[in-house]
Chemist: 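Let me give you the structure first, and then I'll get to my questions.
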Protein chains: 2
Amino acid sequence: MKNNNVTIHDISKALGIDSSTVSRALNNSDRVSKKTKEKIFNKAAELGYQRNSLASKLRTNRSNTIGVIVPRISRHFFSSVIAGIEETAFKAGFDVIICQSLESIEREKKLVETLLSNRVDGILISISMETSNYDHLDNYKKNGFPLIFFDRPCNVSENTNVIIDDVKAGFDATAHLLERGCKNIVHFSGPQNLELYQNRKKGYTNALNAYGIPFSEDLVIETQLMQQDGIEAARQLLNLPKVDGVFSANDTAAISAIQYLKTKQVKIPKDIAFVGFSNEPISAIIEPSLSTINQPDFEMGKVASTLLFEQIKNKKYAAENQTKILKPTLIIRDSSKF
Amino acid sequence: MKNNNVTIHDISKALGIDSSTVSRALNNSDRVSKKTKEKIFNKAAELGYQRNSLASKLRTNRSNTIGVIVPRISRHFFSSVIAGIEETAFKAGFDVIICQSLESIEREKKLVETLLSNRVDGILISISMETSNYDHLDNYKKNGFPLIFFDRPCNVSENTNVIIDDVKAGFDATAHLLERGCKNIVHFSGPQNLELYQNRKKGYTNALNAYGIPFSEDLVIETQLMQQDGIEAARQLLNLPKVDGVFSANDTAAISAIQYLKTKQVKIPKDIAFVGFSNEPISAIIEPSLSTINQPDFEMGKVASTLLFEQIKNKKYAAENQTKILKPTLIIRDSSKF
DNA sequence: AATAAAAATACAATCGATTGTATTTTTGAA
DNA sequence: TTCAAAAATACAATCGATTGTATTTTTATT
């Protein structure tokens, strides 16, 4: 029942069986007889043997582990993606190392290095907001290392991306407000180095176009979309002429803006209708409940990790650039009801 | 600029310098001359050398990595604790592997095994709700492996725990409701195999006692405290005679209960006042905003990891049982205002 | 009983870095 | 210039598991 780092050699000595046979037995190889296996299993249990994965990984040059880097694990969207990844990984017999970049490019670089020096078999990454240069990733990608971007795509070079159709989502959200009768719709936008925010904005302008409303850059407020940014944006918005709708590129900013506007006697949705983005759990609970875009988060995790495992199994895929686009859906709640 | 798994031996060959010297140079040992170091650094950069941590860890038997197991990374409390842990770890030069048990004892066991077989130097764990038996941890603990429990303590055997004073928190929350004039206070309680829920309940009963109100087991509703459980509890609560206050052992259940009661025309806090537990971000945003107990989450992460690093450095500490108790604070919001 | 084929087991090298010891080179004092 | 001490470098074993090859044992066939 003891445990202090028992090795296959301890089992080997205890039984007078070569360590190679012990190793094979523990891996259930059919080169070892049933009888011997049983002896070895018993002795292993008795000594409290536990495989040293480091040695195993070193020798085989496979870690059966993938790394996942997200900006922040506490964000509902990312933790749902991770849930999807973990489900697929579990079935494939892989371990998952979860890391958060906290939106810092420095941390992100360090995490990539750490994961690689621990010889993970592949990496799934949603890049930080600060990331606009991909040197720290490109190099590995070019060497055929299995690396997949999700949610925040990287189209600089040949890469595999799993994203949602942000243009369509932006279009649907804005069109919904237009259908409702909004004429002056403000867009809370995020950092434009992230393609995803470019796309949501593109969806917004496309919709305006489609409905014959002229686009004005004055109605776009670009921030980091944090809680404080939402309040600031709401403040600005009150100085704009007769705004009657807001499409926010995330829920966080939309919610804090709504909270602020309510203190200023602005009626939501009567005076200003809101649509957010991400379907954070809180958006269903606040008052008024927030219309928003639901992203297939869990599915995204499954799709991205499935692709990654294919690349790991069959390295040639790693070279092939492919982009999977998942479909978002608009959820209409009180913040934009007629 | 290539990278395909360059080793110290490649550098060694390229320069005609022994690999042991290369290794020492890369670790900045003073047994290597400045001139040689420079040559080695340059060649390493040129070849795109990256240390193989697996080999290093195997040889040194130290991984400079700790494991953290929490029930769920998406819970605000846990992600804040993790932030505290990561800050301390970063300063100490340690990597952190984050894992979630999803409240499943099976997953928890598997995670512990995986972490150990990857030879982490220590583990910080907040046990799952299902965990009532500690065999999978006790064994290692007894062998002097650095292992610290946080938030959800384990007092079965000699262990190090970092917890908050749940009895005091429960007392303060309940006393606050009593001061407000509540006479029939219901307690939403959690699984009693977790000491933390026992303690919150104890605080509740202590407060009733202190204020001369008789305790009745009928007023305690024990669930898993998930969203659905809150709704169910609220339903039950309506069948109880003149309930005028609720102390919920977490925010999630309190919030869903409030949402449900509002649909039944119950006025919060006029008819029933609420105090939750954990100070989830959402609790400040819902209406009415929820009074709750703020736990020093970030600090808990720092304290727990600091203790762990002490144990890792100085193994003898690992044997010493100590419990750190952090102080919670009551945050009064609209759900319990006069 | 003899022997070829098949099964089981043993031998030995290897993965990449580290580290105690041995050897060579350099330095500086006599 | 000589030589001991110090500095720099090389040698070789090691961490624990895996795996190709060699050897031994068992099985089955004639």
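The chains referred to below are lettered A, B, ... by the order of the sequence lines, with proteins before strands, and numbering in each begins at 1. We use all heavy atoms of the structure for the numbers below, so side chains are in, but hydrogens, waters and symmetry mates are not.
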Chemist: Do A:I105 and A:M129 have side-chain heavy atoms sitting under 4.5 Å apart?
Modeler: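 No - every pair of side-chain heavy atoms lies 4.5 Å or more apart.
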Chemist: Decide yes or no for B:V162 and B:L326: does some side-chain heavy atom of the first lie under 4.5 Å from some side-chain heavy atom of the second?
Modeler: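 Of all side-chain heavy-atom pairs linking B:L326 with B:V162, at least one is under 4.5 Å.
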Chemist: Just checking A:T7: base, sugar-phosphate only, or nothing, at a heavy-atom cut-off of under 4.0 Å?
Modeler: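 Sugar-phosphate only.
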Chemist: Nearest whole angstrom, please: distance from the C1' of C:dA17 to the CG of B:N61.
Modeler: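 In whole Å, C:dA17 C1' and B:N61 CG are 14 Å from each other.
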Chemist: Whole-Å distance between C:dT25 C1' and B:D18 CG?
Modeler: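 Those two atoms, CG and C1', are 15 Å apart.
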Chemist: Tell me, do A:Q100 and A:L111 make a side-chain contact under 4.5 Å, heavy atoms counted?
Modeler: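 A side-chain contact is absent here, since even the closest heavy-atom pair is not under 4.5 Å.
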Chemist: Rounded to whole angstrom units, what separation is found between the NZ atom of A:K57 and the P atom of C:dA17?
Modeler: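 In whole Å, C:dA17 P and A:K57 NZ are 16 Å from each other.
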Chemist: Contact class for A:L54 vs. all strands (heavy atom < 4.0 Å): base, sugar-phosphate, or nothing?
Modeler: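 No contact.
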Chemist: B:H9 side chain: which of D:dT19, D:dA17, C:dG16 is closest?
Modeler: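 So the side chain of B:H9 is nearest to C:dG16.
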Chemist: At 4.0 Å (heavy atoms only), tell me whether A:S23 reaches a base, stays on the sugar-phosphate, or touches nothing.
Modeler: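 Answer is base: heavy atoms of A:S23 come under 4.0 Å of a base.
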Chemist: Between P on D:dA17 and CG on A:N64, what's the gap in Å once rounded to a whole number?
Modeler: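 Value for this atom pair: 16 Å.
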Chemist: Of all the choices, C:dC15, D:dA12, C:dA10, which nucleotide is nearest to the side chain of A:I17 once you look at every atom?
Modeler: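 Between C:dC15, D:dA12, C:dA10, the one nearest the side chain of A:I17 would be C:dA10.
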Chemist: State which of C:dC11, D:dG16, D:dA17 makes the closest approach to the side chain of A:L58.
Modeler: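 Nearest to the side-chain atoms of A:L58, counting from C-beta on, is D:dG16.
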Chemist: Separation of A:K13 atom NZ from C:dA10 atom C1', in whole Å?
Modeler: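 Atom NZ in A:K13 sits about 16 Å away from atom C1' in C:dA10.
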Chemist: Would the distance check show the side chain of B:S63 and the main-chain N or O of B:R119 forming a donor-acceptor pair, the cut-off being under 3.5 Å?
Modeler: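 Indeed, once roles are kept as given, a pair shorter than 3.5 Å links the two residues.
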Chemist: Tell me: CG of B:N5 to C1' of C:dC15, nearest whole Å?
Modeler: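 Distance check: B:N5 CG to C:dC15 C1' gives 11 Å.
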Chemist: Which part of the nucleic acid, if any, lies within contact of A:N52, taking any heavy atom under 4.0 Å across all strands shown: a base, the sugar-phosphate backbone alone, or nothing?
Modeler: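 Sugar-phosphate, backbone atoms only, no base.
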Chemist: Taking only the side-chain nitrogens and oxygens of B:T21, find out if one of them lies under 4.0 Å from OP1 or OP2 of D:dA10.
Modeler: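 Yes, because at least one side-chain N or O of B:T21 sits under 4.0 Å from OP1 or OP2 of D:dA10.
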Chemist: We want to know whether B:N118 and A:K57 form a side-chain donor-acceptor pair, criterion being a heavy-atom distance below 3.5 angstrom.
Modeler: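 Note: B:N118 and A:K57 side chains meet the donor-acceptor criterion.
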Chemist: When you compare the side chain of B:T7 with that of B:N52, does any pair of heavy atoms fall below 4.5 Å?
Modeler: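 Answer no - side chains too far apart.
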Chemist: For DNA chain C, which residues in residues 24-41 of chain B have a heavy atom at a distance below 4.0 Å?
Modeler: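 Those residues whose heavy atoms fall under 4.0 Å from DNA chain C, taken from residues 24-41 of chain B in numerical order, are B:R24, B:N27, B:R31.
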Chemist: With the side chain counted from C-beta on, respond yes when A:I11 and A:Y49 share a heavy-atom pair under 4.5 Å apart, and no when they do not.
Modeler: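 In contact.
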Chemist: Could you check B:T60 against B:S20 and say which one's nearest nucleotide on DNA chain D is further toward the 5' end?
Modeler: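 In this pair, the answer is B:S20.
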Chemist: Counting only side-chain heavy atoms from C-beta out, which of C:dC15, C:dA17, D:dT19 sits nearest to B:R51?
Modeler: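 Looking only at heavy atoms from C-beta outward on B:R51, the closest nucleotide is C:dA17.
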